[in-house]
Amino acid sequence: MTNLGDLEIFAKVVSTGSMSLAGRALGFSPAVVSKRIKRLEDRLGTRLLQRTTRQISLTEAGQGFYDRVLGILAGLEEAEFYISGRSAQMHGTLKISAPTSFGRMHIAPHLKDFMEAHPELAINLVLTDEFSDIVGGGFDLAIRIAELTDSSLVARRLAPVRRLLCASPDYLAAHGEPKHIDELKHHRCLPAHNNDTWRLNGPDGALSLRPEGMLITNSSEVIREAVIAGLGIALRSTWDIGEELKAGRLVQVLPAYEGSHNVALSAVYPSRQFLPAKVRLFIDYLAELYGPVPYWER
């Protein structure tokens with residue numbers, strides 16, 4: 001009978017593409033991982049992995065075996081999830097990557113309720129504005145605000161993202177309010193990054209423009225503070241400036257134009273077939289928390 005632990009090690013090696021990364025994730029040395037894979041191959045009487053100095057890939061037999069192993073592991077996970085119930089204690093660590101501002105504003109304040117419901121589950125929240133390598137970085141999931149392209153990862157949409165052109169009342173009083181999109185070239189604009197392209201939807205469909213500004217920074221939070229301070233016009237998400245709009249510290253300009261509707265808030269994870277219960281719980285928690293009309297839009 002094949003050892004279930006060997007199947008888990010095999011699946012982790014395939015998903016990470018590395019003996020050392022798999023060992024790090026499971027708490028084994030690369031030598032132990034290699035030994036367990038060899039034991040599995042010897043038992044099955046076939047080679048599952050092709051190993052080179054640069055990469056690990058599946059053989060034809062290995063691919064078929066891997067597809068079935070994922071089903072076994074997913075079934076076991078589902079069985080444990082069914083028995084334990086949603087209110088049962090989750091153990092281990094949930095490693096999450098999220099954008100810096102969004103994580104600070106809309107994940108961190110809600111961790112208390114989730115962690116109190118699952119006191120044995122540790123959270124490792126890594127905030128970065130770069131797209132993390134989910135598999136290589138050992139992340140269970142990543143929260144991304146983007147127009148996602150096709151990849152080997154799985155994405156679940158959590159909420160729409162609405163982005164508006166906005167400025168402070170002081171800036172508009174001093175420089176006037178643009179009435180047409182072409183007038184932006186006469187205004188101080190605040191792209192989130194230097195030479196960042198604004199992709200907008202307007203009355204005539206989609207368009208792109210590259211605004212020029214006097215402030216150069218790699219920090220989206222600096223741009224947020226700059227537009228509130230009256231330095232120019234920015235394209236910002238309502239999750240970022242919703243309170244400022246309600247309080248009148250910012251005003252929407254050119255309301256006929258908004259950011260591309262293809263951008264969304266999504267949870268991204270490596271595999272649909274073997275999704276740990278702790279990942280599913282957290283994604284469900286965020287999906288219910290935000291919803292199709294997120295609280296920052298209400």
Side-chain angles (χ1 to χ4, degrees), residues 93-115 121-134 137-149 151 153-166 190-194 196-200 215 217-229 234-247 249-250 252 258-270 278-298:
T93 299
L94 181 63
K95 188 175 182 182
I96 307 160
S97 172
T100 303
S101 297
F102 187 87
R104 176 177 55 81
M105 297 173 68
H106 299 293
I107 295 179
H110 305 293
L111 288 179
K112 180 175 181 289
D113 289 343
F114 183 81
M115 296 181 75
L121 181 62
I123 301 291
N124 181 355
L125 178 60
V126 178
L127 299 183
T128 174
D129 290 327
E130 302 297 328
F131 272 16
S132 301
D133 179 352
I134 297 178
F139 290 97
D140 294 295
L141 75 151
I143 305 301
R144 290 184 175 168
I145 302 170
E147 182 177 345
L148 297 179
T149 56
S151 73
L153 302 174
V154 182
R156 176 177 170 185
R157 183 185 173 102
L158 298 176
V161 171
R162 187 164 164 251
R163 295 177 300 153
L164 313 174
L165 294 164
C166 60
L190 299 168
H193 298 278
N194 191 34
D196 189 28
T197 298
W198 286 354
R199 293 178 173 84
L200 305 172
L215 176 61
T217 178
N218 66 343
S219 170
S220 180
E221 292 193 335
V222 169
I223 295 299
R224 181 183 188 276
E225 296 306 312
V227 69
I228 293 172
L235 179 65
R236 306 299 298 177
S237 299
T238 54
W239 62 257
D240 187 38
I241 55 154
E243 293 302 316
E244 283 69 28
L245 289 171
K246 293 174 185 177
R249 292 190 292 273
L250 288 176
Q252 184 179 3
E258 293 189 357
S260 171
H261 298 155
N262 294 325
V263 175
L265 174 70
S266 302
V268 180
Y269 48 96
K278 61 185 179 181
V279 178
R280 182 187 299 107
L281 279 176
F282 191 72
I283 292 175
D284 288 347
Y285 174 71
L286 293 184
E288 184 176 353
L289 175 66
Y290 303 144
V293 183
Y295 59 80
W296 53 81
E297 288 277 2
R298 299 171 199 157

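Everything numeric here is computed off the predicted structure, so don't read it as measured data. Side-chain atoms are counted along with the backbone in the values below, which use heavy atoms only and exclude waters and symmetry mates.
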Q | Flag, side chain of Ser266 to backbone of Val268, donor-acceptor distance under 3.5 Å | A | no

For His261, the ring pair (Phe, Tyr, Trp, His ring centres under 6.0 Å) test, sequence neighbours excluded, returns none

Worksheet item: Hey, does Ile283 have a side-chain heavy atom less than 4.5 Å from the side chain of Leu158?
Response: yes

Residue set satisfying side-chain hydrogen bond (donor to acceptor under 3.5 Å, both in side chains) with Glu297, at least two apart, ordered chain then number -> Arg162, Thr238

Rounded to the nearest 0.5 Å, the CG atom of Asp113 sits from the CG atom of Leu289 at a distance of 9.0 Å

Taken in chain and number order and not counting sequence neighbours, the residues that satisfy side-chain hydrogen bond (donor to acceptor under 3.5 Å, both in side chains) with Arg163 are none

All heavy atoms of Leu190 vs all of Ala234, minimum pair found to be O-CB, 3.9 Å

Taken to the nearest 0.5 Å, the spacing of Arg236 CZ from Cys166 SG works out to 7.5 Å

Residues passing the side-chain contact (heavy atoms from CB on, under 4.5 Å) test with Ala142, sequence neighbours excluded, are Ser97, Ile134, Arg144

Exercise for the section: Taking the six-membered ring for Trp and the single ring otherwise, decide whether the centroids of His110 and Tyr285 are under 6.0 Å apart. Expected result: no

Taken in chain and number order and not counting sequence neighbours, the residues that satisfy salt bridge (charged side-chain N to carboxylate O under 4.0 Å, His left out) with Arg199 are none

For Trp198 and Leu165, the nearest pair of non-hydrogen atoms, with its separation, is CZ3-CD2, 3.5 Å

Result for side-chain contact (heavy atoms from CB on, under 4.5 Å) between Ile223 and one of Thr217, Asn218, Asp240, Ile228 points to Thr217

| With a cut-off of 6.0 Å (strictly less than), are more than 12 heavy atoms of other residues, nucleotides or ligands near CD of Glu225? | yes

Contacts of Phe139 meeting ring pair (Phe, Tyr, Trp, His ring centres under 6.0 Å) (sequence neighbours excluded), chain-then-number -> none

One should read off an interatomic distance between Lys278 NZ and Lys95 NZ, to the nearest 0.5 angstrom, of 11.5 Å

Applying salt bridge (charged side-chain N to carboxylate O under 4.0 Å, His left out) to Glu244 and not counting sequence neighbours gives Arg224, Arg249

Interatomic distance, CG@Asn124 vs OG1@Thr93, rounded to 0.5 Å, equals 7.0 Å

Check the angle between the aromatic planes of Tyr290 and Tyr295 and answer parallel, tilted or perpendicular using the 30° and 60° thresholds. tilted

Residues Gly103 and Pro109: closest non-hydrogen pair is O-CD, 4.4 Å

Applying salt bridge (charged side-chain N to carboxylate O under 4.0 Å, His left out) to Arg156 and not counting sequence neighbours gives Asp284

Taken to the nearest 0.5 Å, the spacing of Leu121 CG from Phe114 CZ works out to 5.5 Å

Taken to the nearest 0.5 Å, the spacing of Ile96 CD1 from Leu141 CG works out to 5.5 Å

Applying side-chain contact (heavy atoms from CB on, under 4.5 Å) to Ala229 and not counting sequence neighbours gives none

Leu245 meets the side-chain contact (heavy atoms from CB on, under 4.5 Å) criterion, sequence neighbours left out, with Leu164, Ile241, Leu250

Check your understanding: Would you say Leu286 and Leu265 make side-chain contact, with heavy atoms under 4.5 Å?
Key -> no

Sequence neighbours excluded, the answer for side-chain hydrogen bond (donor to acceptor under 3.5 Å, both in side chains) partners of Lys112 is Glu116

Residues passing the side-chain hydrogen bond (donor to acceptor under 3.5 Å, both in side chains) test with Trp239, sequence neighbours excluded, are Ser237

